[in-house]
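The block underneath contains the structure these notes are about, expressed in structure tokens.
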Amino acid sequence: MSFGKEINEIVKGRIKFNEPLSEHTSLRVGGPANYWVEPKDLEDLRAILQFALNRHLPWKVLGEGTNILARDRGFRGLIISLRGDSFQKLEFNEDTSYTSYECWKRECCKRKVVAGAAVILSKLVSEAAERGLGGLEFAVGIPGTVGGAVVMNAGVQSACLGDVISSVKVLSLREGISFLGKDELGFGYRRSNLGKEEVILEVEIELKKEDRNEIANLMKDYLRKRRETQPLGQPSAGCIFKNPSHISAGELIDKANLKGRRIEDAQISTKHANFIINRGESKAEEVISLMETVREEVLRKTGIRLEPEIEIIGE
Ligand SMILES: Cc1cc2nc3c(=O)[nH]c(=O)nc-3n(C[C@H](O)[C@H](O)[C@H](O)COP(=O)(O)OP(=O)(O)OC[C@H]3O[C@@H](n4cnc5c(N)ncnc54)[C@H](O)[C@@H]3O)c2cc1C
């Protein structure tokens with residue numbers, strides 16, 4: 001059944017039909033989504049969510065698609081992208097009362113930042129650094145949006161976004177708009193309990209006044225490490241598998257002699273064994289087959305079962 005006409009009547013923002021997800025995922029694979037909607041504002045978002053609920057239409061919010069593997073037959077349902085202006089707020093609390101010792105003791109030197117879900121994470125990181133606000137250096141070079149980074153609790157070995165988040169503003173049809181405190185967000189290693197029933201609208205982050213040069217140097221180090229170890233020029237979805245508790249997934253894949261293994265244009269990176277790159281024309285099913293090969297080989301050789309970090313959507 002086609003809902004195109006009704007969606008056209010309801011939504012003020014941009015609508016596309018049969019939109020190829022390969023154009024919206026960093027791995028550059030994936031068939032079409034029946035409906036692609038970019039709500040103009042909160043009211044628009046609420047209306048399309050209500051419509052999806054009434055019509056039992058599956059829906060999913062997509063950030064920049066940097067942690068997503070979309071299957072070749074596409075997504076039967078509605079993809080919501082918040083890239084419109086209404087979800088791009090970036091507000092730094094410029095209160096300077098931190099200068100007194102008393103204030104410092106009360107930690108007034110902490111600064112609140114409110115970022116809309118669609119803000120590109122690297123923009124938030126660089127604007128914080130320019131203002132001498134430390135705490136997000138680890139996130140330099142992590143692609144995607146603030147909303148996606150919250151859902152995934154994006155981070156590196158030493159730090160993650162959940163460390164600096166104080167609250168999240170979400171919209172759900174059952175609860176309306178609510179503010180969830182850090183303790184309610186279920187942050188763990190590359191996980192949170194967000195994103196299933198609710199749409200993240202804004203995030204409040206707490207950063208600290210630091211020396212600008214120190215921030216810049218730390219960011220340079222993180223970026224250098226990334227460039228040295230990751231195949232950044234080629235389409236990928238970052239790390240494919242989560243690290244088991246005591247060893248990195250990349251090390252296990254490397255030890256299983258799988259670096260460079262290919263299925264058509266899907267290839268395990270020779271630079272970082274936990275990255276699968278798309279050499280040009282890869283299909284999602286080839287990436288999935290390669291993932292299955294990796295899981296089987298690693299299990300056979302080490303007894304360890306790897307769990308995907310990326311999310312597979314669609315048919
Ligand atoms: C080269 C490369 C390097 C990477 N390095 C890292 C790294 O160092 N550390 C790391 O943690 N990750 C890394 N990643 C993975 C990825 O960038 C992160 O997980 C990122 O935070 C995902 O953001 P996104 O906007 O692309 O989200 P998407 O991939 O679009 O979505 C991720 C999930 O979030 C949900 N979502 C997104 N926005 C919202 C919203 N507003 N409301 C509700 N749900 C939402 C989606 O439905 C989906 O379930 C890397 C990826 C690449 C390609």
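This chain uses plain numbering: 1 for the first residue, then up along the sequence. Remember, predicted model here, so these are calculated numbers, not experimental data. As a basis for the values below, the full set of heavy atoms in this structure was taken, side chains included, without hydrogen atoms, waters or symmetry mates. Note that ligands are numbered from 1 as they come in the structure, with each ligand's atoms numbered from 1 the same way.
Hydrophobic clustering, with ILVMFWY side chains joined whenever heavy atoms are under 4.5 angstrom apart, keeps Leu194 apart from Tyr189.
Environment of CD in Glu43: sparse, with no more than 12 heavy atoms of neighbouring residues, nucleotides or ligands closer than 6.0 Å. Atom CD of Glu184 sits in a crowded spot, with more than 12 heavy atoms from other residues, nucleotides or ligands closer than 6.0 Å. At most 12 non-hydrogen atoms from other residues, nucleotides or ligands lie less than 6.0 angstrom from CZ of Arg14.
Both the sub-6.0 Å distance and the 45° axial angle are not jointly satisfied by Arg111 relative to the ring of Phe92.
Residue, atom and distance of the protein heavy atom nearest to atom 49 (O) of ligand 1 are Glu311 OE1, 2.6 Å. Nearest protein heavy-atom neighbour of atom 8 (O) of ligand 1: Arg226 NH2, 2.8 Å. Counting only heavy atoms of the protein, atom 21 (O) of ligand 1 lies nearest to Ala149 CA, 3.2 Å. Remark: minimum distance from atom 19 (O) of ligand 1 to any protein heavy atom is reached at Met152 CG, 3.4 Å. Nearest non-hydrogen protein atom to atom 42 (N) of ligand 1 is Ile200 N, 2.9 Å. The protein heavy-atom contact nearest to atom 16 (C) of ligand 1 is Thr66 OG1, 3.2 Å. Atom 45 (C) of ligand 1 has Val151 CG2, 3.7 Å as its closest protein atom, hydrogens excluded (heavy atom only). In this structure, atom 12 (N) of ligand 1 lies nearest to the protein heavy atom Ile142 CG2, 4.0 Å.
If you number the atoms of ligand 1 from 1 as listed, the ones under 4.0 Å from a heavy atom of Ser26 come out as 53 (C). Listed by number with element, the atoms of ligand 1 under 4.0 Å from a non-hydrogen atom of Gly63 are 25 (O), 28 (P), 30 (O), 37 (C). Close contacts between ligand 1 and Ala237 involve ligand atoms 51 (C), 52 (C), 53 (C) [criterion: under 4.0 Å to a heavy atom]. Shown in contact with Glu198 at under 4.0 Å from a heavy atom are these atoms of ligand 1, numbered in order with element: 43 (C). Within ligand 1, counting atoms from 1 as listed, the ones closer than 4.0 Å to a heavy atom of Leu82 are 41 (N). Here is the list of ligand 1 atoms found below 4.0 Å of a heavy atom in Gly144: 23 (O), 24 (P), 25 (O), 26 (O). Every atom of ligand 1 with a heavy atom of Gly155 under 4.0 Å away is listed here by number and element: 7 (C), 8 (O), 9 (N), 10 (C), 11 (O).
Within the set Val203, Val61, Val156, the minimum heavy-atom distance to atom 40 (C) of ligand 1 is found for Val61. Considering each of Gly148, Gly116, Ala117, the one bringing a non-hydrogen atom nearest atom 38 (N) of ligand 1 is Gly148.
Between the side chain of Asp265 and the backbone N or O of Glu281, at least one donor-acceptor pair lies under 3.5 Å. Side chain of Arg190 to main chain of Gly155: a donor-acceptor pair is present (N/O by atom type, distance under 3.5 Å, no hydrogens or angles).
Residue Asn67 has at least one nitrogen or oxygen atom sitting less than 3.5 Å from a nitrogen or oxygen atom of ligand 1, judged on distance alone. Polar contact check, Thr145 against ligand 1: a nitrogen or oxygen pair lies under 3.5 Å apart. In terms of polar-atom proximity, Glu309 is not counted as a contact of ligand 1, lacking any N or O under 3.5 Å from an N or O of the ligand. Taking only nitrogen or oxygen atoms, main chain and side chain alike, Cys239 does not reach within less than 3.5 Å of ligand 1.
If you run side chain to side chain donor-acceptor pair (under 3.5 Å) between Ser166 and each of Lys182, Glu204, Glu206, only Glu204 comes through.
Remark: Glu296 does not engage Arg300 in a salt bridge, criterion side-chain N to carboxylate O under 4.0 Å. Classification of Asp72 and Lys283 as a salt-bridged pair fails, no side-chain N sitting under 4.0 Å from a carboxylate O. Under a 4.0 Å N-O distance rule, the pair Lys225/Glu228 does not qualify as a salt bridge. Ion pairing between a basic and an acidic side chain is recognised when a charged N comes within 4.0 Å of a carboxylate O; Arg295 and Glu307 show such pairing.
Using a 30° and 60° split on the angle between ring planes, His24 and Trp36 fall in the parallel class, below 30°.
Under 4.0 angstrom from ligand 1, the non-hydrogen atoms of Ala154 come from both its backbone and its side chain.
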